[in-house]
Amino acid sequence: MGTDVDAVVFVQAPEHRPKPAIVEADGVPLIDLSRPIEDVVREIGAACSEWGFFQVINHGVPEETRRRIEWAAREFFSMPLEEKRRVSRDEVNVLGYYDKEHTKNVRDWKEVFDFNVEDPTLASASADPDDNEVTTWTNQWPENPPGFR
């Protein structure tokens with residue numbers, strides 16, 4: 001007679017493992033983007049330095065668009081790792097999937113997919129007037145899920 005056992009295997013040192021506790025935070029910064037730009041900039045600066053994150057309201061993104069984005073993100077991140085890594089970012093392709101980020105030399109437990117609304121072209125930041133280097137970043141789009149793009 002067998003026994004089903006769920007096991008958790010940690011690859012991080014005990015001090016870096018997730019702590020099984022519920023943390024509640026009151027006062028998470030809520031930034032209203034319909035306010036004057038000077039107020040928004042000041043509030044974002046304060047939220048970043050005091051909290052490290054914030055929530056925005058009155059951003060103008062329609063609810064249906066947000067729902068489609070959330071659906072596509074859930075679909076993409078639930079795919080097998082090898083499928084997601086087909087669009088991995090690297091030194092040349094700075095946009096795409098990434099799951100190897102480190103904070104304080106400890107691997108983060110997160111996955112990201114970086115993209116831009118438009119493919120930006122960046123001029124060189126060199127002080128040398130003869131340096132005409134131009135960099136174009138190109139979005140990488142996965143084949144799946146359909147409609148992710």
Side-chain angles (χ1 to χ4, degrees), residues 4-126 133-149:
D4 290 333
V5 176
D6 290 330
V8 177
V9 178
F10 288 100
V11 294
Q12 292 184 326
E15 64 271 17
H16 297 296
R17 294 178 187 168
K19 309 297 184 272
I22 297 173
V23 176
E24 293 184 23
D26 290 327
V28 172
L30 186 63
I31 311 293
D32 184 345
L33 297 183
S34 68
R35 296 174 37 99
I37 190 67
E38 297 82 12
D39 293 346
V40 172
V41 169
R42 183 176 29 76
E43 290 170 9
I44 288 175
C48 289
S49 64
E50 294 170 23
W51 283 79
F53 61 92
F54 53 89
Q55 181 177 354
V56 296
I57 59 171
N58 295 321
H59 43 67
V61 179
E63 185 174 342
E64 179 57 29
T65 301
R66 294 192 319 264
R67 283 190 188 136
R68 287 193 341 257
I69 291 168
E70 290 171 10
W71 171 86
R74 281 189 188 94
E75 290 292 312
F76 176 78
F77 287 109
S78 68
M79 293 190 318
L81 187 58
E82 60 273 3
E83 181 80 14
K84 294 180 281 191
R85 285 189 173 163
R86 289 182 184 172
V87 290
S88 287
R89 69 183 200 198
D90 55 30
E91 296 81 26
V92 176
N93 299 310
V94 298
L95 302 173
Y97 176 76
Y98 195 67
D99 66 341
K100 297 179 177 108
E101 192 164 331
H102 287 73
T103 301
K104 297 181 181 178
N105 295 322
V106 176
R107 183 165 180 227
D108 289 345
W109 289 40
K110 68 179 176 191
E111 301 172 288
V112 298
F113 186 88
D114 293 323
F115 66 95
N116 288 312
V117 176
E118 298 177 4
D119 291 342
T121 299
L122 306 171
S124 172
S126 172
E133 185 177 334
V134 174
T135 302
T136 300
W137 291 352
T138 303
N139 288 317
Q140 298 187 80
W141 297 110
E143 292 180 20
N144 291 305
F148 184 82
R149 185 176 188 165

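Positions are given from 1 along the sequence. What's counted below: heavy atoms across the whole structure, side chains too, no hydrogens, waters or symmetry copies. Remember, it's a predicted structure, so these values are computed and weren't measured experimentally.
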Can you give me the closest heavy-atom contact between Trp51 and Gly27, atom names plus distance?
CZ2-O, 3.3 Å

Could I get the full list of ring-ring contact (aromatic ring centres under 6.0 Å, His included) partners for Phe113, not counting sequence neighbours?
Phe76, Phe148

Distance in Å, Tyr98 OH paired with Asn93 CG, rounded so as to fall on 0.5 Å steps:
13.5 Å

So which atom in Glu83 and which in Asn144 form the shortest heavy-atom distance, rounded to 0.1 Å?
OE2-ND2, 3.4 Å

Nearest 0.5 Å, please: how far is NZ in Lys100 from CD in Glu111?
11.0 Å

Arg66 and His59: side chain to side chain contact (heavy atoms under 4.5 Å, CB included), yes or no, with the steps?
CA-CA 11 Å; Arg66 294 192 319 264; His59 43 67; 3.4 Å; yes

So does Glu64 have more than 12 non-hydrogen atoms from other groups sitting under 6.0 Å from CD?
yes

Indicate every side-chain donor-acceptor pair of residues 28-39 with a distance under 3.5 Å to a residue at least two apart or in another chain.
from: Asp32; atom 1: OD1; to: Ser34; atom 2: N; distance (Å): 2.9
from: Asp32; atom 1: OD1; to: Ser34; atom 2: OG; distance (Å): 2.6
from: Asp32; atom 1: OD1; to: Asn58; atom 2: ND2; distance (Å): 2.8
from: Asp32; atom 1: OD2; to: Ser34; atom 2: OG; distance (Å): 3.4
from: Asp32; atom 1: OD2; to: Asn58; atom 2: ND2; distance (Å): 3.3
from: Arg35; atom 1: NE; to: Glu43; atom 2: OE2; distance (Å): 3.2
from: Arg35; atom 1: NH2; to: Asp39; atom 2: OD2; distance (Å): 3.2
from: Arg35; atom 1: NH2; to: Glu43; atom 2: OE2; distance (Å): 3.0
from: Asp39; atom 1: OD1; to: Arg42; atom 2: NH2; distance (Å): 2.8

Tell me the closest heavy-atom pair linking Pro145 and Glu75, and the distance in Å.
CG-CB, 3.5 Å

Could you report the tightest heavy-atom contact between Leu95 and Gln140, atom names first, then the distance?
O-NE2, 2.6 Å

Using side-chain hydrogen bond (donor to acceptor under 3.5 Å, both in side chains) as the criterion, point out the one residue from Arg85, Lys110, Lys84 that pairs with Asp99.
Arg85

